[in-house]
Trainee: 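Pasting a structure here, questions to come.
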Amino acid sequence: MFTLNIHGSLHEFNGPAVMGILNATPDSFYAGSRAQTEAEIAARTALLVSEGADFIDVGAFSTRPGASEVSEQEECERLEKAVRITRAVAPNSIISVDTFRASVARKAVEEWGADIINDVSGGNLDPEMFDTVAELKVPYILMHMRGSVADMMEYTDYEMVTRDVLSELGDRVQQLALLGVNDVIIDPGFGFSKTLEQNYQLLHDLKLFELFHRPVLVGFSRKSMVTKLLGVPAEDALNGTTVLNTLALDRGASILRVHDVKAARQAIAIFNSMHDAQYKMNNAQCTMHNCDGGTH
């Protein structure tokens, strides 16, 4: 369970949540998430809501390797249209904007109707980002990445990947706390400045991220963790994505960021059912053995 303060209103999540991806870009690595025209954006938003997305994450700057640079003006134009349409179609949905630019984040929240800032750089690419988030008083998704989108794979020289990622994120969490930013969502940054092996080590150790006492978001959806390992294109990576999401749920993940909301919802339903059964069995055993401290 976790809570987020969205514009002064406390939202409580009693179990794992799903963040659906909407990319207002022509070149995101998975075509199924792209939406550029008004009709495409509206249809994508409606689909995500109908399948049960708790959040809609709108991005306008592709972070895939080799993606074209996007100017601030172009990012703003794409994002404004997408966020405004998404807000109109889904007035009650929680909308996050996927941007590392503080100026874009400010406009998205103050002018277009966004609720959360999702920063792939964890504040490293714009020195104004942390102050901006503090001033806006919105939840912030702090993702781990080294370098920039263009050169991030040159920075995979960790001594111990999990320890180093925890340490680097910890420093930033502390900086945010000093600025009064408490609604921080932790994202280990799967696929960003990590090798395939390092990604799987992080997944193995995901339980350790609970030390932050903040919700943990994972984003594996149709990424190279699946495609490179299994030798399949992104279009055929849903099954592998669901496996990774399920493993992450078992290691304490709070939010699944996905292209396919329906599949993620099904994974959560199965996971919850298993844990409910385990809880009932433990209670039954406790009753049988008088766990409250009575005589045996």
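Quick note: numbers below take in every heavy atom, side chains included, and nothing from hydrogens, waters or symmetry partners.
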Trainee: Is the shortest heavy-atom distance from the side chain of L230 to the side chain of D236 under 4.5 Å?
Mentor: no

Trainee: Quick one, R222 and D260 - any side-chain contact, counting heavy atoms below 4.5 Å?
Mentor: yes

Trainee: Can you find a pair of side-chain heavy atoms, one from L4 and one from F13, that are under 4.5 Å apart?
Mentor: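 Side chain of L4 against side chain of F13, heavy atoms only: contact under 4.5 Å found.
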
Trainee: For the residue pair I116 and V138, establish whether any side-chain heavy-atom pair is separated by less than 4.5 Å.
Mentor: no

Trainee: Tell me if a side-chain donor or acceptor on S273 pairs with a main-chain N or O of A269 at a distance below 3.5 Å.
Mentor: no

Trainee: Please give me the minimum heavy-atom distance between P215 and V184, naming the atom from each residue.
Mentor: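 Closest heavy-atom pair between P215 and V184: CD-O, 3.9 Å.
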
Trainee: For the pair D164 (side chain) and E159 (backbone), establish whether a donor and an acceptor sit closer than 3.5 Å, ignoring hydrogens and angles.
Mentor: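 Checking the backbone N and O of E159 against the side chain of D164, a donor-acceptor pair under 3.5 Å is found.
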
Trainee: Is the Y200 to H204 ring centre distance short of 6.0 Å?
Mentor: no

Trainee: Closest heavy-atom contact between L256 and A264?
Mentor: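 Minimum heavy-atom contact is CD1-CB, 4.2 Å.
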
Trainee: Report yes or no: does R146 contribute a side-chain atom to a donor-acceptor pair with the main-chain N or O of F192 at less than 3.5 Å?
Mentor: no

Trainee: Whether the side chain of D115 engages the backbone of I95 through a donor-acceptor N/O pair (distance < 3.5 Å, no angle test) should be reported.
Mentor: yes

Trainee: Do the rings of F212 and F209 sit parallel, tilted or perpendicular, given the 30° and 60° boundaries?
Mentor: tilted

Trainee: State, with a plain yes or no, whether a side-chain heavy atom of M160 is found less than 4.5 Å away from one of T162.
Mentor: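 No - every pair of side-chain heavy atoms lies 4.5 Å or more apart.
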
Trainee: Using every non-hydrogen atom in the two residues, find where S193 and M152 come nearest and quote the distance to one decimal.
Mentor: CB-O, 3.2 Å

Trainee: Assess the residue pair V165 and Q198 against the criterion (side chain to side chain contact (heavy atoms under 4.5 Å, CB included)); give the C-alpha distance rounded to whole Å, side-chain angles, the decisive distance to 0.1 Å, and a yes or no.
Mentor: CA-CA 11 Å; V165 170; Q198 288 166 350; over 6 Å; no

Trainee: Does M145 share a hydrophobic cluster with I255, counting links as ILVMFWY side-chain heavy atoms below 4.5 Å and allowing steps through other members?
Mentor: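 Result: no, two separate clusters.
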
Trainee: What is the distance from atom CG of D250 to atom CG of N245, rounded to the nearest 0.5 Å?
Mentor: 12.5 Å

Trainee: How close do V70 and F61 get, heavy atom to heavy atom, and via which atoms?
Mentor: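 Of all heavy-atom pairs spanning V70 and F61, the closest is O-CE1, 3.4 Å.
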
Trainee: Should we say atom CG of N272 is surrounded by more than 12 heavy atoms from elsewhere, each under 6.0 Å from it?
Mentor: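 Correct, the count exceeds 12.
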
Trainee: Take E77 and K81 through the test salt bridge (Lys or Arg N to Asp or Glu O under 4.0 Å) and record every step on the way to the result.
Mentor: CA-CA 6 Å; E77 289 173 357; K81 179 171 73 172; over 6 Å; no

Trainee: Look at the side chain of D183 and the backbone N and O of N5, then say whether any donor-acceptor pair between them is shorter than 3.5 Å.
Mentor: yes

Trainee: Using modelled atom types only, decide if a donor and an acceptor are shared between the side chain of D151 and the backbone of S148 within a distance under 3.5 Å.
Mentor: yes

Trainee: Going by heavy atoms in the side chains, are N124 and R172 under 4.5 Å from each other?
Mentor: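 SC-SC contact between N124 and R172 confirmed.
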
Trainee: Counting only N and O atoms by type, is there a donor-acceptor contact under 3.5 Å from the side chain of R251 to the main-chain atoms of L206?
Mentor: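 No, because the side chain of R251 does not come within donor-acceptor range (under 3.5 Å) of the backbone of L206.
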
Trainee: Under a 4.5 Å side-chain heavy-atom rule over Ile, Leu, Val, Met, Phe, Trp and Tyr, are I94 and I85 clustered together?
Mentor: no

Trainee: Under 3.5 Å, is there a donor on one side chain and an acceptor on the other for T195 and T156?
Mentor: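 No, no side-chain donor-acceptor contact under 3.5 Å.
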
Trainee: Give a yes or no on whether a salt bridge exists between D98 and R257, defined as a side-chain N under 4.0 angstrom from a carboxylate O.
Mentor: yes

Trainee: Between V226 and A237, what is the shortest heavy-atom contact and its length?
Mentor: CG1-CB, 3.6 Å

Trainee: Give a yes or no answer on whether the side chain of K228 reaches the backbone of L196 with a donor-acceptor pair at less than 3.5 Å.
Mentor: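 Between the backbone of L196 and the side chain of K228 there is no qualifying donor-acceptor contact (under 3.5 Å).
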
Trainee: Does some side-chain heavy atom of F190 sit less than 4.5 Å from a side-chain heavy atom of L202?
Mentor: yes

Trainee: Quick one: does any side-chain atom of S50 pair with a main-chain N or O of L47 as donor and acceptor, under 3.5 Å?
Mentor: yes

Trainee: Look at R44 together with E40 and state whether they make a salt bridge at an N to O cut-off of under 4.0 Å.
Mentor: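 Result for this pair is no, no salt bridge flagged.
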
Trainee: Can we say D131 and R106 salt-bridge, meaning some charged N sits less than 4.0 Å from an Asp/Glu carboxylate O?
Mentor: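 A salt bridge is absent here (no side-chain N lies under 4.0 Å from a carboxylate O).
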
Trainee: Just verifying a value: how many Å separate D171 CG and L176 CG, rounded to the nearest 0.5 Å?
Mentor: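 These two atoms lie 11.0 Å from each other.
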
Trainee: Might you work through the side chain to side chain contact (heavy atoms under 4.5 Å, CB included) test for L142 and I186, ending with a clear yes or no?
Mentor: CA-CA 5 Å; L142 173 70; I186 302 295; 4.2 Å; yes

Trainee: Check whether D126 reaches the backbone of A102 with its side chain - one donor and one acceptor, N or O, closer than 3.5 Å.
Mentor: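 The answer is yes, because a donor-acceptor pair under 3.5 Å joins these two groups.
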
Trainee: Please assess S103 against E72 for the test side-chain hydrogen bond (donor to acceptor under 3.5 Å, both in side chains), listing each intermediate value before the final yes or no.
Mentor: CA-CA 9 Å; S103 58; E72 182 176 332; 2.6 Å; yes

Trainee: Assess whether side chain to side chain contact (heavy atoms under 4.5 Å, CB included) is satisfied between D54 and R265, documenting all intermediate values.
Mentor: CA-CA 10 Å; D54 299 285; R265 275 276 162 231; 2.3 Å; yes

Trainee: Below 4.5 Å, heavy atoms only, C-beta onward: do V18 and E51 meet side chain to side chain?
Mentor: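 Side-chain contact under 4.5 Å: no.
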
Trainee: By the ring-ring contact (aromatic ring centres under 6.0 Å, His included) test, which pairs, at least two apart or in different chains, include something from residues 138-182?
Mentor: F130-Y140

Trainee: Looking at K107 and E111, does any basic side-chain N land under 4.0 Å from a carboxylate oxygen?
Mentor: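 No, K107 and E111 are not salt-bridged.
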
Trainee: If every non-hydrogen atom of F100 is compared with every non-hydrogen atom of S121, which pair is closest and at what distance?
Mentor: CB-OG, 3.8 Å

